[in-house]
Amino acid sequence: MAVKIVIGLDGTDTGERALAFARNLASQVEACELICAYVVEWSPFTFQTAEENAQRHKRREEEIKVANERVVAPAVASLEAAGFKATGVVQHGDVAETLNRISTEHGGSQIIVGRVSNDGFTKRIFGSSTQNLVMHADVPVTVVG
């Protein structure tokens with residue numbers, strides 16, 4: 001049975017460090033699958049008109065597409081080129097809750113995320129979200145600096 005590691009990517013150098021750490025770890029495990037995950041922070045708790053909701057849905061689909069094209073697909077391709085089994089997932093939601101859910105749904109045994117980023121948006125996402133993930137995840141979490 002393969003060990004499955006979920007890697008929380010954020011499109012920055014921090015995510016690249018988490019990816020490099022996961023790649024190194026996976027190279028030491030006989031059977032390992034890497035799951036590259038990108039979470040677009042999204043709150044379902046806003047009240048809008050029907051037209052605004054339709055626009056929001058369209059924006060949401062575009063965000064998934066862009067995150068997959070720019071971050072997840074290249075990470076998966078680089079892992080596969082290096083001989084690893086890898087898949088990608090892009091979802092909307094609370095970062096900590098969603099990474100934990102992705103890990104649970106995919107049978108992950110560990111989550112690897114980055115700690116620090118220069119980007120304010122990413123820092124906001126992976127700052128307190130990392131702390132929440134560490135405190136509430138169902139599997140061990142490795143935080144890469």
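FYI, the numbering just counts along the sequence from 1.
Taking CD1 of I102 as the start and NZ of K4 as the end, the distance is 13.5 Å to the nearest 0.5 Å. Atoms CD1 and CD1, from I35 and I111 in turn, are 10.0 Å apart once rounded to the nearest 0.5 Å. To the nearest 0.5 angstrom, L99 atom CG is 11.0 Å from I7 atom CD1.
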Quiz: residues 20-34 side-chain donor-acceptor pairs under 3.5 angstrom, not counting sequence neighbours:
unit_1 : atom_1 : unit_2 : atom_2 : d
R23    : NH2    : S78    : OG     : 3.1
S27    : OG     : N24    : O      : 2.6
Q28    : NE2    : N24    : O      : 3.4

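A donor-acceptor pair is defined here as one N or O able to donate and one able to accept, closer than 3.5 Å; no such pair exists between the side chain of T130 and the backbone of R115.
The two residues V113 and A18 make their nearest non-hydrogen contact at C-CB, 3.9 Å. Taking each heavy atom of V6 and A37 in turn, the nearest pair found is CG1-CB, 4.0 Å.
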Pair E16-L19, side-chain contact (heavy atoms from CB on, under 4.5 Å): steps then yes or no: CA-CA 5 Å; E16 289 299 316; L19 183 62; 4.0 Å; yes

Go through the steps to decide whether V134 and V143 satisfy the test side-chain contact (heavy atoms from CB on, under 4.5 Å), and finish with yes or no. CA-CA 8 Å; V134 168; V143 181; 3.7 Å; yes

Quick one, C36 with V72, criterion side-chain contact (heavy atoms from CB on, under 4.5 Å). Give me CA distance, side-chain angles, the key distance, then yes/no. CA-CA 6 Å; C36 299; V72 175; 4.3 Å; yes

Evaluation steps, side-chain contact (heavy atoms from CB on, under 4.5 Å), between H106 and V89: CA-CA 10 Å; H106 290 267; V89 178; 3.7 Å; yes

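By the side chain to side chain contact (heavy atoms under 4.5 Å, CB included) test, H92 pairs with V40, W42, R60, E63, I64, sequence neighbours left out. Qualifying side chain to side chain donor-acceptor pair (under 3.5 Å) partners for N100, counting only residues two or more places apart in sequence or in other chains: D138. Residues satisfying the side chain to side chain donor-acceptor pair (under 3.5 Å) criterion with T87, sequence neighbours excluded, are absent altogether. For E105, the salt bridge (Lys or Arg N to Asp or Glu O under 4.0 Å) partners at least two apart in sequence or on another chain are R101. Considering only residues two or more places apart in sequence or on other chains, E80 meets the side chain to side chain contact (heavy atoms under 4.5 Å, CB included) condition with V76, A86.
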